[in-house]
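Take a look at the structure below.
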Amino acid sequence: MRLKDRVALITGGTSGIGEATALLFAKEGAKVAVTGRNGERGAAVVAKIKEFGSDGIFVRADVSVADDCRRAVDETVRAFGRLDILFNNAGVFYPQTALECSEREWDEQIDVNLKGTFLMSKCALPAMIAQKSGIIVNNSSGWGIVGGDHAVAYCASKGGVVLMTKAMAIDHGAQGIRVNCICPGDVETPMLPQDAKMRGLKWEDYLAGCANRPLARIGTVEEIAKAVLFLASDDASFMTGAALVVDGGGTAD
Ligand code: NAP
């Protein structure tokens, strides 16, 4: 029970890495506010959280909209009395070069992945500063530290998340707030088959392309959730401003 009685808010908790992290946090004793735009999937995640004997709520919120971010934090604090952990996880990815990426698609990826992380953090900080403690974990990507093909807006947004993490760690360390990010490699979530489809690749061929990496496979959502749990727990009490790479060695060379 490494998060016993802690209150966590997870953006994009309705699917993939966010859902797995919400469930692991609940197993570890946290009360979890799950946010996203899909109410049906959000309610299903909250039901699973309750099966673990913990408490949870769903708040419908688009992270690119400031009012939604404010409401997500307010409803979490109203329901559970405090906010200890913010996992900025919501994200979108369209595989495109600069020539292929429209202005609208550029804006969407920057608004969700980068501005959403800024807006949610800005809304959560006052409650954390008042408590003199708080933990923010941002979800960047291996493509936040190295470039990737057909990922112009995604790489721009995720690289921004890494340096925003470091900037916020510097600004808020003295207020008792730790800010770190994870940089996952390819992980089996709905995001990857969509990537394969947009690249015109069969799923088997897509997976074969991942086999030349040191661990020769893609990751599971549980493997990423465990790294998020580490950063969100007291086990990482001396870590802030770090970018923790969890990618099966994909960025090692
Ligand atoms: P996923 O299963 O597609 O989940 C994406 C989540 O983001 C969903 O819960 C979705 O919720 C939410 N979301 C998207 N747009 C949103 C918006 N405007 N406002 C609020 N929520 C929004 O993909 P995933 O792989 O778990 O992705 C989670 C994070 O991991 C992303 O930041 C992604 O960039 C990062 N990541 C993934 C991989 C990978 O290989 N899968 C690798 C590196 C990094 P709703 O649909 O309910 O809005």
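Whatever order the structure lists ligands and atoms in, that order sets their numbers, starting from 1.
- For a threshold of 3.5 Å applied to N or O pairs, the pair formed by Pro184 and ligand 1 contains no separation below that value.
- Of all atoms in ligand 1, listed by their number and element, those nearer than 4.0 Å to a heavy atom of Ser141 are 43 (C), 44 (C).
- Per-residue contacts place Val112 under 4.0 angstrom from the following atoms of ligand 1 (heavy atoms of the residue considered): 15 (N), 16 (C), 18 (N).
- Using a cut-off of 4.0 Å between Lys/Arg side-chain N and Asp/Glu carboxylate O, Arg104 and Asp111 are scored as not salt-bridged.
- For atom 12 (C) of ligand 1, the nearest protein heavy atom (residue, atom name, distance) is Gly12 CA, 3.6 Å.
- Looking at heavy atoms from C-beta onward, Phe25 lies in side-chain contact with Leu229 at the 4.5 angstrom threshold.
- Across every non-hydrogen atom of Ile182 and Ile224, the tightest pair is CD1-CG2, 3.5 Å.
- Under a 4.0 angstrom heavy-atom cut-off, Ala61 registers as being in contact with ligand 1.
- Of all the listed residues (Gly116, Ala90, Ser157), Ala90 holds the heavy atom that lies closest to atom 22 (C) of ligand 1.
- Listed by atom number, the atoms of ligand 1 under 4.0 Å from Val92 heavy atoms are 14 (C), 15 (N).
- Residue-to-ligand polar distances place Arg37 within reach of ligand 1: an N/O pair is separated by less than 3.5 Å.
- Considering only non-hydrogen atoms, atom 44 (C) of ligand 1 lies nearest to Ser140 out of Ala72, Cys69, Gly91, Ser140.
- With no hydrogens or angles considered, no side-chain donor-acceptor pair links Ser140 and Asn138 at under 3.5 Å.
- Between Leu192 and ligand 1, no N or O atom pair is found at a separation short of 3.5 Å.
- Salt-bridge check for Asp186 with Arg213: passed, with a basic side-chain N closer than 4.0 Å to an acidic carboxylate O.
- One distance of note links SG of Cys155 with NE2 of His150; it measures 12.0 Å at 0.5 Å rounding.
- Between Asp68 and Arg70 there is no salt bridge, since no side-chain N of the basic residue sits under 4.0 Å from a carboxylate O of the acidic one.
- Within the 4.0 Å heavy-atom criterion, neither part of Glu19 lies near ligand 1.
- With a 4.5 Å cut-off on side-chain heavy atoms, Ile177 and Ile135 do not count as touching.
- Side-chain contact check for Glu28 versus Arg2: some heavy-atom pair is nearer than 4.5 Å.
- At the top of the distance list for atom 37 (C) of ligand 1, counting protein heavy atoms only, stands Ile17 CD1, 3.9 Å.
- The shortest distance between side-chain heavy atoms of Glu19 and Ile49 does not fall below 4.5 Å.
- In terms of protein heavy-atom proximity, atom 2 (O) of ligand 1 is nearest to Ser15 OG, 2.6 Å.
- Judged purely by atom type and a 3.5 angstrom limit, Asn89 has no side-chain atom pairing as donor or acceptor with the backbone of Ile10.
- Nearest to atom 10 (C) of ligand 1 among the protein's heavy atoms is Thr14 OG1, 3.9 Å.
- In summary, the atoms of ligand 1 found under 4.0 Å from a heavy atom of Tyr154, numbered by their order in the structure, are 33 (C), 34 (O), 35 (C), 36 (N), 43 (C), 44 (C).
- Using cut-offs of 30° and 60° for the angle between ring planes, the Phe93 and Trp143 rings count as perpendicular.
- For atom 32 (O) of ligand 1, the nearest non-hydrogen atom from the set Asn139, Asn89, Asp247 comes from Asn89.
- Atom 18 (N) of ligand 1 has as its closest protein heavy atom Asp62 OD1, 2.9 Å.
- Only the side chain of Arg41 comes within 4.0 Å of ligand 1, judged by heavy-atom distances.
- Residue Gly16 approaches ligand 1 through these ligand atoms, each under 4.0 Å from one of its heavy atoms: 2 (O), 26 (O).
- The protein atom (non-hydrogen) at minimum distance from atom 38 (C) of ligand 1 is Gly185 O, 4.0 Å.
- Judged by the shortest distance from any of its heavy atoms, Trp143 lies outside the 4.0 Å radius around the atoms of ligand 1.
- At a 4.0 Å heavy-atom cut-off, ligand 1 does not touch Val221 at all.
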Chi angles and distances behind the side chain to side chain contact (heavy atoms under 4.5 Å, CB included) call for Val46, Arg41: CA-CA 9 Å; Val46 169; Arg41 281 195 271 118; over 6 Å; no
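- At least one heavy atom of Lys158 sits less than 4.0 Å from an atom of ligand 1.
- Residue contacts with ligand 1: Val63 is placed with a nitrogen or oxygen under 3.5 Å of a nitrogen or oxygen of the ligand (distance criterion only).
- Ion pairing between a basic and an acidic side chain is recognised when a charged N comes within 4.0 Å of a carboxylate O; Asp195 and Arg199 show such pairing.
- For Phe93, no heavy-atom contact with ligand 1 is shorter than 4.0 Å.
- Between the CZ atom in Phe58 and the CG atom in Asn38 there is a gap of 7.0 Å [rounded to 0.5 Å].
- Protein heavy atom nearest atom 23 (O) of ligand 1, with residue, atom name and distance: Thr189 OG1, 3.5 Å.
- Each of Gln194, Glu100, Glu108, Glu105 was evaluated against Tyr94; a single residue qualifies, Glu108, per the side-chain hydrogen bond (donor to acceptor under 3.5 Å, both in side chains) test.
- Nearest protein heavy-atom contact of atom 39 (C) of ligand 1 is Val187 N, 3.6 Å.
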